Amino acid sequence: MGNRILFGAVNASLLLLSPGLFADETTTSAHELEKISVQDSVRGTVSDDSESYNPKTPVTSATGLPMSLKETPQSVTVVTRTKMDDFGQYTVNDVLENTTGVTVQRAETDRTYYTSRGFDITNFQYDGLGLPLSYGIARGQQDTAIFERVEIIRGANGLMTGVGNPSATVNFVRKRATADNRGSVSLTGGSWNTYRGDVDLSGSLTSDQKVRGRLVTAYRDGESYLDRYEKERGVFYGTVEADLTDNTLLTLGYSYQNDNAGSPLWGSLPLYYQDGGATDYDVSTSTSADWSYWNHNRRNAFVELKQQFDNGWEAKGVYTYRKLEGTAKLFYVYGVPDRNDNGLFAYPSLYDNQERQEIYDLMARGPFEVGGRTHELVVGLNQAKGEIEELSDYGFGIGTPLTPDEAFGGSFAERPFGAAYDGSEWEDRYRSAYLATRLSLAEPLTLVAGTRYLDVESEGVGYSGTSRKSSASENTPYVGLIFDITDQHSLYASYTNIFTPQTELGADGGRLDPIEGNNTEMGVKSDWFSGRLNTSLVAFQTEQSNLAEVANPGAAPSQQFHKGVDVDSYGYEAEVSGELSRGWMLTAGYTWLEVEDEDGDEIKKEIPRELIRLATTYRPAALEKLKLGMSLNWQDSISRERTFDPGNKTRQGSYTLVNLIAGYDFTDQLSATLRVNNVTDEKYLTTLRWDQGYYGAPRNANVSVNYKF
């Protein structure tokens, strides 16, 4: 009943819009289907070469067809390079923490969970291609230096990803080579002795500009507000593209990222005492050991061949290879302490993991005419293979009672390893075919429809040591209808099925069966001032069955198993992005969410029900060399049932994080930016996902100097 009321109220409010309510200077009809390439409207140019928070090129990651934000019948946020540079969003965590409807759950320093619409985000792609994250965990922190923009498609995206996860899909669009020679150098220094350098060089490699290249490198090193924790990161990215003919483009690319973390958190701080009271440690408190470390290497390579035809069609073949390697010597503290911090125990372990992905994708798309109207079609084939290997080498001394200094001061002595071994090894194969079309049914009405057939096979050995093999296949339909109220305002509704193979293990050591369900959303979208500003108001509803839930939450993370449950979620989203007026950039979003079990009871209360995300910059007309800005993240209170204290909850009250920036352009080439983060010095827990957690960063600052040439 609540869901029907929700959608009825939103539908009624949307119908209040009429063509006469707003005025805009745009006159282009949405049904004039432009023939625009996916990544670059013109070869040798970047997609968002302007000081804007609004994308200048169409988005394809939702349907495979090039569409503006207003034309896309789904919730889409695009984070441009300008916004990332303004606010120093150097990692994916930084980007997503300021994205509408997304929460970043940092349960540890070097592993992160992301959620949207009540569920974990597992689909992360590069230029539209990728496989779901193993176990839904992002290891390390992906650097953003190599990306031109980041696209976040909220809701199920089974048409283009192959799996209909109803949370979101995050698509990283890589930088491409430019025909004109250009470059930039940036140096940043900040709190806790952190330093960073970035270099970005691009241009033609031949006099006729038919071969172009780009090189991006970044290096970061520094300490932390957390005791003993320090992090070093190196990034390299190179790409070359060549015009084999006037209509044939070959692109090669390779990236490498290395993260070395000293004294990281594996697990984190206990959140309550034996007497039921909440713990309240210093923000800097850590359970890491002096000898612990956690290192990650990330390699990505791709080959892309694109052919354009005179009739407006294009074909593209892409091969992508990704490899992630991790090695770690870790220290986990478990137990419930008393008021003197006794009652905690040691859990040292060596941990190694390797993940490999290979993806082949063939795609063709273009316009066709039926009934005197122009339509568009995309068809494709995709094959992918993912492998993951994990090894845990447990140390002697597991279960040793800890003194407070050993638990929180890093003084627990390293013990020999080899007390026991465990691990897992899995191979997943994905085969799919997809088709989508955009049909101009009538002057105000457009239909987007398609389907994807997915066949999945999984085989491997879980931590239980039992071999398992499974397979599943499903057709995932998608349909979206867009009605243009005026050239600037449109109503839409979309529906898709959910079919998501799971990597979580059940009590028998095998993987759970796929999630099934459906995702519906409807809304109103508008663009203003010739497309410089976009707004949207959306209502969504998701029904899922067999969603993985931890069945033994008191066990160590590597020993947990899952069960399948039925879950529904519904809510609203409102968003505005772009240029409000000359020199004034803004992105802002509000989310209201509800998550219920099959009995209608509220669940997943550790996920915020309300979120506000805002980022804005302004250049005063009288002093355009000055740029002032602010970002604000607010979430309402959250809570979690305690595993070892039944009937009681751990709570985190609502909080607001405010960051300020001030930049100045000394010349057209030289600029500097001061950033002050968490200016109110808010103390908050980064997540309540577990019975453990740690505090977010206190007030801090950094200064960047950038030179362009």
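Bear in mind that the values here come from a model prediction, so they are computed numbers and not experimental data.
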How long is the straight-line distance from [atom2] of [Y] back to [atom1] of [X], given to the nearest 0.5 Å?
X      : Y      : atom1 : atom2 : answer
Ser186 : Tyr90  : OG    : OH    : 5.5 Å
Ser392 : Asp422 : OG    : CG    : 6.5 Å
Thr287 : Phe408 : OG1   : CZ    : 7.5 Å
Asp221 : Arg233 : CG    : CZ    : 10.5 Å
Thr650 : Asp645 : OG1   : CG    : 8.0 Å

Side-chain contact, heavy-atom cut-off 4.5 Å: [X] with [Y]?
X      : Y      : answer
Leu265 : Gln692 : no
Gln357 : Thr320 : no
Thr109 : Tyr229 : yes
Leu252 : Phe302 : no
Leu269 : Thr279 : no
Phe119 : Ser569 : yes
Ser467 : Val461 : yes

Under 4.0 Å between a Lys/Arg side-chain N and an Asp/Glu carboxylate O for [X] and [Y]?
X      : Y      : value
Arg642 : Asp691 : no
Glu387 : Arg356 : yes
Asp280 : Lys683 : yes
Lys604 : Glu549 : no
Glu641 : Lys605 : no
Asp110 : Lys231 : yes
Arg299 : Glu325 : yes

Distance to the ring centre below 6.0 angstrom and angle to the axis at most 45 degrees; does that hold for Arg689 and Tyr113?
yes

- Give a yes or no on whether the backbone of Ser263 and the side-chain of Arg228 come within a donor-acceptor separation of less than 3.5 Å. no

Does the Asp361 side chain pair with the main chain of Leu129, one donor and one acceptor, at a distance under 3.5 Å? no

Practice problem: Please assess Gln125 against Asn123 for the test side-chain hydrogen bond (donor to acceptor under 3.5 Å, both in side chains), listing each intermediate value before the final yes or no. | Solution: CA-CA 6 Å; Gln125 302 181 330; Asn123 292 333; over 6 Å; no

### Parallel, tilted or perpendicular, as decided by the 30° and 60° cut-offs, for the rings of Tyr347 and Tyr394
perpendicular

| Should the ring pair Phe172 and Phe147 be called parallel, tilted or perpendicular, given that the plane angle runs from 0 to 90° and is split at 30 and 60? | parallel

- Show the numbers, then the answer: is there a side-chain hydrogen bond (donor to acceptor under 3.5 Å, both in side chains) between Tyr684 and Gln652? CA-CA 7 Å; Tyr684 64 100; Gln652 164 67 65; over 6 Å; no

